[in-house]
Number of protein chains: 2
Amino acid sequence: MARRNVKTPASSSDLDARKATILEAVVAEHINTAQPVGSSSVAHSPDVAVSPATVRSEMVALEREGYLAQPHTSAGRVPTDKGYRFFVDHLKSGVLSSAQQHQVKDFFANVRGEVEDVLEQTSTLLSQLTSYTSVVVGAGHAHASILSVQLVSLDVHHQLLVAVFSDGSVVKHSVSTEFDAHFVDVTEASRQLHAILIGTTLESRVQVPSHSDNVSMLIRQSVSVLHAEQPTTDGEQVYIGGSSKVAEVFEGVETVRKVLSILEQELLVVTLVQDILNQGLSVAIGSEHGYEPLSACAVIVAPVTIDGVPAGAVGLLGPTRMKYREALAAAGMVSQHLTRHFGGEDDLA
Amino acid sequence: MARRNVKTPASSSDLDARKATILEAVVAEHINTAQPVGSSSVAHSPDVAVSPATVRSEMVALEREGYLAQPHTSAGRVPTDKGYRFFVDHLKSGVLSSAQQHQVKDFFANVRGEVEDVLEQTSTLLSQLTSYTSVVVGAGHAHASILSVQLVSLDVHHQLLVAVFSDGSVVKHSVSTEFDAHFVDVTEASRQLHAILIGTTLESRVQVPSHSDNVSMLIRQSVSVLHAEQPTTDGEQVYIGGSSKVAEVFEGVETVRKVLSILEQELLVVTLVQDILNQGLSVAIGSEHGYEPLSACAVIVAPVTIDGVPAGAVGLLGPTRMKYREALAAAGMVSQHLTRHFGGEDDLA
DNA sequence: GTTAGCAGTCAATTCTACCGAGTGCCAACG
DNA sequence: CGTTGGCACTCGGTAGAATTGACTGCTAAC
């Protein structure tokens, strides 16, 4: 027993320098070629100064410890999720090519328009930069205060509640009434709603009149319909860019189908991104995020803040063998620009 | 010369009964099997009462006339776009299975909520019914009149213009000013805008004050920003459902990529659907719609009207060998229900 | 501990032969 | 004269065998 412990010296999370170098070489090579990598190509890599035979013996160790796997006996090694994890954790952060940096700066120098449009275009940008599918999540307006509320009459049984928030977002909800709501009542309800709700957030508790006259009922219904929106997905907006990249970047129709099918469910995507952020990660590899259909994927996320408050995130979705350095750099740079764009500068915050 | 004309009796668009039957059998078979179909399988089809040899000689005729094609010498025949066109034109309209009819009825009996949500869910429904990708296009608010306009101040240089239309849609636009716009000015501008614009449509010409005081400038800028929206894509909304079906239904990564890439450009999709509608078609096969990347696709569209006025469309996108009868039935049924849903019934029109 | 050498494994490739689905053509038949 | 059965021919797909080559693991020497 004691002997065996001696024989496995570094069963802790870090590897000795040579193993680390070899592992990194394997991962880098496999990311480039998408092929299992063999001992000799690793040995010829500039960072490795040992013979293929030595590399081989190190590789069996790395395989035993779960960093590498062998598709079949006479093939090279392929990184496991754990192998990628090590690679990513020891990645020194890179920068984008200057052409790409220009592209990002140009983009943010020239975008204008509604937040929604900016986020959507950002998503396209990020996808073009990386050739992976990108996800941009805009924050919900849970914490934004209400600047204006208005009830507009469509017909006697249908009104439209329109609220404007301090973050520049606008929500609308239809309100239906059993009774005939006449113009004067709607106008009065609108006036009172404005007075009641202005300055509050969706989390605030507000006083509503408890009478049963038409105006009061309109008010109660409007408030409840507005506050009901919170738990749904409506709050967060998701913008997915470059979903066609999925077909380029993953192999196997089945994988493509699974990934697309996940991307269709926007609520799921938001949750995924939030989950990863909550775990404090910036990269989730393979099964780390717990979504089985995405086990062939790696997801990169970078938070976006407004005035220091979390206000969304940008993300990238690619195969586990994605180009982490470039993708991380792109996501990082875009998230920073986005933060700056909505933070200090000018456009509506 | 005269002799040759005699030899090609029916070079007009229709075929004699037997050719038609054979062509239809070929198309039907190929839709089922995705394989080139040979003379004997056609001859054994119940509608065809001749020998394989006869079928063969008819097939060479059909090939000469462009309805069929041969992938290579010793293979069966495959329909051309023209062949599918004939098939579709002579298709007697089918109905959905009663289970599917129930599904549609259930859906429309239970949906409620904003128009946008209904359309989005409809798109998912249609895709589930057919296992093709679906497209739902909602009309723009070009003809809707304005029920309410409001200018909300975000900060001294940024206001938000919010307009509510009679069709229940809400648009917002940010308005930036060089000068400091104070609360009272914004409120006054808001009041006047409301008065000026209410009851108008985006196509109306309106009188705006030509003074150069802050209030007038706010008004002018707001009106121009609102009327500027017209030509963009913003007016129409597109909801695409089941884009993951693309990966199931098309073969060849390249085709999948092309189709997805088209679907990403929502403006393009709207245009495509409108184009097909304008041509008075309900099905566009292969190159008929003129979008080269979609040459492997067939697109089915069915218009949706509100009170007799065109108000959008539902569409389906599948391979040229799609199940036309079922797909047409589904699109037709859904478009009818949608028309009814937004037409007479109750929910906000 | 490292390395060169060697035997062994196994997926991928190539080659061959062959099968069979399907055609075009022709001669016979009603 | 249209229809049909028969026949030779074409050619893609497949199955099997042989080959290749990129690996490995092991062992013995350095």
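Letters go in sequence order (proteins before strands), and every chain restarts at 1. The shown structure was predicted, so the numbers you read here are calculated from the model rather than taken from an experiment.
Nearest nucleotide to the side chain of A:H72, out of D:dT10, C:dA4, C:dC10: C:dC10. Residue B:S74 places its side chain closer to D:dT10 than to any other of C:dT9, D:dG25, D:dT10. Counting only heavy atoms from C-beta on, A:R77 has its side chain closest to D:dT24 among D:dT24, C:dT23, D:dC23.
Residue order along DNA chain D, read from the 5' end via each residue's closest nucleotide, puts B:E58 first among A:A53 and B:E58. When each of A:P36 and B:P52 is assigned the nucleotide of DNA chain D with its nearest heavy atom, B:P52 is the one assigned upstream, toward the 5' end.
When atom types are taken as modelled, the side chain of B:S134 and the backbone of B:S123 share a donor-acceptor pair closer than 3.5 angstrom.
Put simply, CZ on B:R18 is 8 Å from C1' on D:dG2, counting in whole angstrom units. Atoms CD (B:E29) and P (C:dA21) sit 14 Å apart, rounded to a whole Å. Between the CG atom of B:D16 and the C1' atom of D:dG2 there is a distance of 12 Å, given to the nearest Å. Atom CZ of A:R56 is separated from atom P of D:dA22 by 14 Å (rounded to the nearest Å). Counting to the nearest Å, the C1' atom of D:dT4 and the NE2 atom of B:H44 are 13 Å from each other.
Using a cut-off of 4.0 Å between Lys/Arg side-chain N and Asp/Glu carboxylate O, B:E65 and B:K82 are scored as not salt-bridged.
Within a 6.0 Å sphere centred on CD of A:E254, heavy atoms belonging to other residues, nucleotides or ligands number more than 12.
The salt bridge (charged side-chain N to carboxylate O under 4.0 Å, His left out) test with B:E58 singles out one residue from B:R77, B:K19, B:R64, and that residue is B:K19.
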